[in-house]
> 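Attaching a single structure in structure tokens format; questions to follow.
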Amino acid sequence: MKYEMVVGLETHVELSTKSKIFCSCPTDFGGEPNTHCCPVCTGEPGTLPILNKKVLEYAIKAGLATNCEISRSTHMDRKNYVYPDLPKAYQISQFDEPICKEGYIELDSGRRIGILRIHMEEDAGKLVHEGGYTYVDYNRGGVPLIEIVTKPDIRSIDEAREYLEKLQLILRHIGVSDCKMQEGSMRCDVNISIRPVGQTTFGTRCEIKNMNSLSFIEKALAYEFARQVDLVESGQAVEQETRRFDEVSGTTESMRGKEDAQDYRYFRDPDLPQIEVSEEIIERIKAGLPELPRQKQARYTTELGLPATESALIIKYKNIADYFEKAVAAGASPKNACNLIVTHIFRNFATEEEKEKFALPITPEMLAELIKLLDGGKITANIARDTLTKMLASGKPCTDFLTASDLASVDPAEVDRLCKEAIAANQKAVADFLAGKEIALKAVLGYVMKATRGKANAAEVEAKLISLIKG
Ligand code: ADP
Ligand code: MG
Ligand code: ZN
């Protein structure tokens, strides 16, 4: 029998507000333990939480960017449980009336992954295990989170990855979170069940908690799919339970039976007022949303005429897209700007993290200055690349490196004239080429390269020659 996986993801994302969700403590990552907290964070008697308006605004932004409906009237609830990282013994969250509902993210295949809900909640503190002791650090307690819950619409590991990458990209673009999985500002609970292909009802699911790397999520899904298929094939049942992924062995193991919503004794938080969201607020936030990645991709390919794959590479990182657009705004042609960034500048960034930061020693305007020379045929592509290498190594402008002969080398009209001259001088090679002997063109090309002392762009000259020869 052939089986398919059915997957739903619950993604927690830390919002990049300056202060926490219910007090004015800073949200900065790291810091000496227990220095970013106050009696409100830890829920001491006599304190009252006040909802940070920015958190509401960011949650609405996230909802609008993922095609959600925004609740006009909502509230916060208490989710009760005991754990040392949660001194109040309840987490303030949202239960029956999340701020956003019924959205979706569209994959490249056109398939839409439904979003059930997005709700606001506070993060818990962190336990630190060291030298046989366990310490607790409340710095993270009260850091604002949104939880984005999908419908069980995901059908493969590839779809899970694509959904998460798209979600990450959208949230980064609208500036609500840096979504750094390695720092824990984006974490994922993975729900997975299996069913025979063709069956419409769902199987029993397992939930794998707290995954903070895409590759672990992929491994956990692969392992869990195989485990559930084995169980079912051997006539056993999948138990609904919460499991843990072991990074070393790449397997999952049972942690506990699945808890139900009723186990948490959710009830409305009496310390916080009803939240009313007016149409004006929603409209104002909508108007302030930047261009979303999908819209950017469409604009880059249709208006700027960039190839889809290259523009996707640029859009994948917000800082790179911003840099590219500044270079274009400063007068660089989109084609050459994209080309130099993707083929040349990318080489300097080995990791995803470095690409995300995209810390370059030259400004987009400095890059544009170089590209304008290339666009205008004042320098060749080879010289542009060499000069860019020097600029990147030194942080200096192109004018520091370009010599008079670099700049004088390739007047396009001169190249044109030399191409015609080369054809006239190499009639035999041209005839051979026309007869199908492609290598013969090298002699004609060599003539032009020699005449320009290697400064003409060989690829461009070759294309020019072919068009002249074939008419
Ligand atoms: P709970 O609140 O008990 O965790 P939800 O109904 O909110 O349950 O669902 C949590 C997540 O589990 C959602 O992302 C949902 O899409 C997913 N899910 C629900 N049923 C299944 C299933 N049968 N197989 C895989 N995922 C599922
Ligand atoms: Mg859940
Ligand atoms: Zn505080």
Side-chain angles (χ1 to χ4, degrees), residues 3-12 17-28 31 34-44 47-52 55 77 79 81 87-88 92-96 98 101-105 112-119 121-125 137-144 147-157 159-160 163-164 167 188-196 199-211 217 220-221 224-225 228 232 237-243 256-264 266:
Y3 294 86
E4 70 175 354
M5 63 172 74
V6 171
V7 175
L9 299 175
E10 298 167 274
T11 309
H12 289 91
T17 54
K18 289 207 176 59
S19 55
K20 291 189 179 178
I21 182 167
F22 300 120
C23 64
S24 53
C25 292
T27 53
D28 307 345
N34 298 308
T35 55
H36 299 166
C37 53
C38 73
V40 177
C41 297
T42 46
E44 282 173 39
T47 61
L48 280 175
I50 298 172
L51 179 65
N52 178 348
V55 171
D77 297 288
K79 179 182 184 180
Y81 66 91
K88 303 201 291 284
I92 307 179
S93 179
Q94 292 194 288
F95 179 52
D96 53 345
K101 304 179 271 215
E102 288 300 326
Y104 64 86
I105 287 181
R112 288 181 175 179
I113 306 304
I115 290 173
L116 209 55
R117 55 186 280 148
I118 300 180
H119 64 256
E121 61 187 22
E122 58 179 340
D123 209 344
D137 175 6
Y138 292 126
N139 280 354
R140 205 179 66 184
V143 166
E147 177 172 345
I148 302 118
V149 183
T150 74
K151 297 180 181 173
D153 286 349
I154 295 165
R155 293 287 174 274
S156 67
I157 295 177
E159 285 193 347
Y163 162 81
L164 284 170
L167 176 66
C188 213
D189 297 343
V190 176
N191 297 270
I192 166 171
S193 62
I194 59 153
R195 63 180 178 189
Q199 179 181 308
T200 49
T201 52
F202 291 140
T204 303
R205 74 181 137 125
C206 290
E207 178 171 5
I208 311 157
K209 277 284 182 201
N210 227 351
M211 315 274 307
I217 291 171
L221 282 172
E224 203 39 39
F225 179 71
Q228 294 186 12
V232 172
V238 176
E239 302 276 346
Q240 181 161 349
E241 61 183 359
T242 302
R243 299 179 70 85
R256 53 174 191 253
K258 168 100 176 85
E259 53 291 290
D260 270 327
Q262 63 190 29
D263 299 333
Y264 289 113
Y266 275 102

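Read the numbers this way: they start at 1 and go in the same order the structure lists the ligands and their atoms.
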> Distance under 4.0 Å to a non-hydrogen atom of K151: what atoms of ligand 1 satisfy this?
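Contacts of ligand 1 toward K151, numbered from 1: 16 (O).
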> If you take the nearest heavy atom of each of R195, E147, R205, which one is closest to atom 6 (O) of ligand 1?
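The residue whose heavy atom sits nearest atom 6 (O) of ligand 1 is R205.
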> For S193, counting its heavy atoms only, list the atoms of ligand 1 lying under 4.0 Å from any of them.
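Atoms satisfying the 4.0 Å criterion: 22 (C), 23 (N), 24 (N), 25 (C).
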> Any side-chain heavy atom of C188 sitting closer than 4.5 Å to one from I217?
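In contact.
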> If you count the atoms of ligand 1 from 1 in the order shown, which ones are under 4.0 Å from a heavy atom of V6?
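By the 4.0 Å cutoff, the relevant atoms are 24 (N), 25 (C).
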> Identify the heavy atoms of I192 and F225 that sit nearest to each other, and give their distance.
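Reported closest heavy-atom pair: CD1-N, 4.0 Å.
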> Where does L9 meet ligand 1, judged by heavy-atom distances below 4.0 Å: at the side chain, the backbone, both, or neither?
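For L9, the contact with ligand 1 is made by the backbone alone.
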> Just to the nearest 10 degrees, tell me the angle at the Zn ion (ligand 3) spanned by C38 SG and C25 SG.
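Here the angle at the metal atom is close to 100°, to 10°.
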> Indicate the atoms forming the closest heavy-atom contact of H12 with D189, along with that distance.
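In this case the closest contact between H12 and D189 is CE1-OD2, 3.9 Å.
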> Decide, yes or no, whether a salt bridge links E122 with R140 under the criterion of side-chain N to carboxylate O below 4.0 Å.
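Salt bridge: no.
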> Which ligand 1 atoms, with their elements, are less than 4.0 angstrom from a heavy-atom of G203?
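With G203 as reference, the close atoms of ligand 1 come out as 23 (N).
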> Relative to atom 11 (C) of ligand 1, which among I154, I192, N191 owns the nearest non-hydrogen atom?
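Ranked by closest heavy atom to atom 11 (C) of ligand 1, first place is N191.
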> Of the backbone and side-chain N, O or S atoms of C41, does one lie nearer to the Zn ion (ligand 3) than 2.8 Å?
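Checking C41: at least one N, O or S atom is under 2.8 Å.
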> For V149, take its heavy atoms, then give the atoms of ligand 1 lying under 4.0 Å from any of them.
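Ligand 1 atoms under the 4.0 Å threshold to V149: 13 (C), 14 (O).
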> Quick one: does R117's side chain have a donor or acceptor within less than 3.5 Å of a partner on F95's backbone?
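Such a contact is found between R117 side chain and F95 backbone.
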> For a distance under 2.8 Å, tell me if C37 has an N/O/S atom near the Zn ion (ligand 3).
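For C37, the answer is no, given that no N, O or S atom comes within less than 2.8 Å of the Zn ion (ligand 3).
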> Does the side chain of V238 reach to within under 4.5 Å of the side chain of S193, using non-hydrogen atoms?
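A side-chain contact is absent here, since even the closest heavy-atom pair is not under 4.5 Å.
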> Please report whether ligand 1 has a polar contact with E207, defined as an N or O pair separated by less than 3.5 Å (distance criterion only).
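In fact, backbone or side chain, E207 has no N or O that close.
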> For the backbone of N34 and the side chain of D137, can you confirm whether one donor and one acceptor N or O come within less than 3.5 Å of each other?
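Yes; at least one donor-acceptor contact below 3.5 Å.
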> Could you tell me whether a side-chain N or O of D77 sits under 3.5 Å from a main-chain N or O of Y266, the two making a donor and an acceptor?
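Between the backbone of Y266 and the side chain of D77 there is no qualifying donor-acceptor contact (under 3.5 Å).
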